[in-house]
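Have a look at the structure below, then the notes.
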Amino acid sequence: MSIGYACILFGVAGCSFKACKLSNADEDNLRILAKNNLVILDRIIEYNIENNIKLFRISSDIIPFGSHPINQLSWRIEHKDLLDKIGGKIKEYRMRVSMHPGQYTVLNSPDPSVVNNAIRDLNYHARFLNALDTDASNKIVLHIGGVYGDKEKSIERFIENFYTLKEDVKRRLVIENDEKSYNISDVLKIGNHINIPVIFDSLHHIINPPSQSLSQYEWIKLAQATWKEEDGRQKIHYSQQAPEGKPGAHSKTIGIMEFMDFYNNLDGDLDIMLEVKDKNLSAIKCIICTADHLQAHLLEREWAKYKYLILSHSQSCYLEIREMLKNKNYLSAQNFYEKIEEGINSEPSKGSYINAAQHIWGYFKNYAEAKEKERFIKLLQKYNEGESEITPIKTFLLKLAIKYREEYLIQSYYFT
DNA sequence: TGACGTCAAGATCCG
DNA sequence: CGGATCTTGACGTCA
């Protein structure tokens, strides 16, 4: 079983993709951006390896305008070395990757030009996964599309258009239930008909359930039957509702209690793709909590990154977690993360913010320049008197952390 | 015609 | 001027 996350790293500096607008997508720009994004992808893959993350979705934006006629670059040839390097790492560490064209790639549209664009987009995704030399278990995830007032006809159109796809696309294509039109029952019918795997998406299923009253675990079992040997392990999407968001909005982080409850009721070996705002952070959390054995050293590593964030929200949670980590015999990863979540969810007070800022200042106070000290005191005073927010203090402290090369601080989630 | 979702570019605002 | 914050873009469907 693997647990992974989608597309981008959260809370890691220097790892974001670059993009451009169609209006300035000239050859030079596209070439520079593609190169940049592949270098970033390589870093992300390195990060995944370091953190034992073996499931990852590659962003469709990796090659800017990769499926648009404006991009005529032979990026596979130009960046062959880099692609080989990345593909080699993925294979060596047995990482499984995927791609997921968004809601605007619609294979079943009645408009032939929309279908044409969808096919072009699917071809691009297959080209990219081929360029990394990955096998057919590295999937392209697609939604069925629109309904256009007649679901049966629209399903037929999806099936017809599916058969026109290149073998390279078909062997990687998997379909997913969506939150609006095609529920898991619809998608299973299609998947079984054209003999391709089905991804069960947990949150879409809650928002758009089929009329049959089966449990989510029974639907997952039915989806499992659509995954063949060459498709690799069954994969599902898991996300939680953002408490104050619109229905379907992904939560900030994966609530570990709810996740473990879901996880413990699963049976069979499957891969779980998390869809969540804090991306890699939730993936690491869920991987550590579902490990066969407690890995206390990993919790220590996690604590190093979370501690100042927690301190800035709640000193009591900070102290409780510190205590927790001292008693290794009673340590539980789930308890650790539950406390982390409690800390993050506590409303910070002026005092807790100032306290954390002073802790961090402690790293610099012996060698900071006089005017830096002066600036820190002034910022703190302004914040204390309600004349500014906490942000300028955080920004200033991050600058110092970078200047004085305090790696420990630079990696802290306090700054994200 | 605007909302939907996603991310970063681009624009604008602020001290 | 640099940094923080708001708006736009690219895609297609649907109310």
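Below, read A as the first sequence line, B as the second, and so on, with proteins coming before strands; counting in each chain starts at 1. Just so it is clear, the structure is predicted and the values come from calculations on it, not from any experiment.
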**Prompt:** Are His100(A) and His143(A) close enough that their ring centres sit under 6.0 Å apart?
**Reply:** yes

[N] [atom2] sits how many Å from [X] [atom1], rounded?
X         : N       : atom1 : atom2 : result
Ile207(A) : dG5(B)  : CD1   : C1'   : 13 Å
Asn29(A)  : dG10(B) : CG    : P     : 8 Å
Ile393(A) : dG3(C)  : CD1   : P     : 18 Å
Leu142(A) : dT13(C) : CG    : P     : 13 Å
Asp111(A) : dT13(C) : CG    : C1'   : 12 Å
Ile58(A)  : dT6(B)  : CD1   : P     : 19 Å

**Request:** Find which nucleotide of DNA chain C each of Ser109(A) and Lys399(A) is nearest to by heavy atoms, and output the residue with the more 5' nucleotide.
**Result:**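 Checking each residue's closest nucleotide, the 5'-ward one belongs to Lys399(A).
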
**Prompt:** Mapping Tyr148(A) and Thr395(A) onto DNA chain C by nearest heavy atom, which one lands closer to the 5' end?
**Reply:**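 Checking each residue's closest nucleotide, the 5'-ward one belongs to Thr395(A).
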
**Fill in**
Per side chain to side chain donor-acceptor pair (under 3.5 Å), Ser2(A) is matched among Lys54(A), Arg94(A), Arg233(A) by Arg233(A)

**Item:** Trace of the salt bridge (Lys or Arg N to Asp or Glu O under 4.0 Å) decision for Glu372(A) with Lys403(A)
**Value:** CA-CA 12 Å; Glu372(A) 285 166 346; Lys403(A) 178 179 170 188; 2.5 Å; yes

**Asked** Is the distance from OP1 or OP2 of dG12(C) to the nearest side-chain N or O of Asn117(A) less than 4.0 Å?
**Response** yes

**Request:** Have a look at Ser16(A) and say if it touches a base, only the backbone sugar-phosphate, or nothing, with a 4.0 Å heavy-atom cut-off.
**Result:**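 Result for Ser16(A) = sugar-phosphate.
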
**Whichever of Ala6(A) and Lys382(A) has its nearest DNA chain B nucleotide further upstream toward 5'** =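 Mapping each residue to its closest nucleotide by heavy atoms, the 5'-most match is Ala6(A).
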
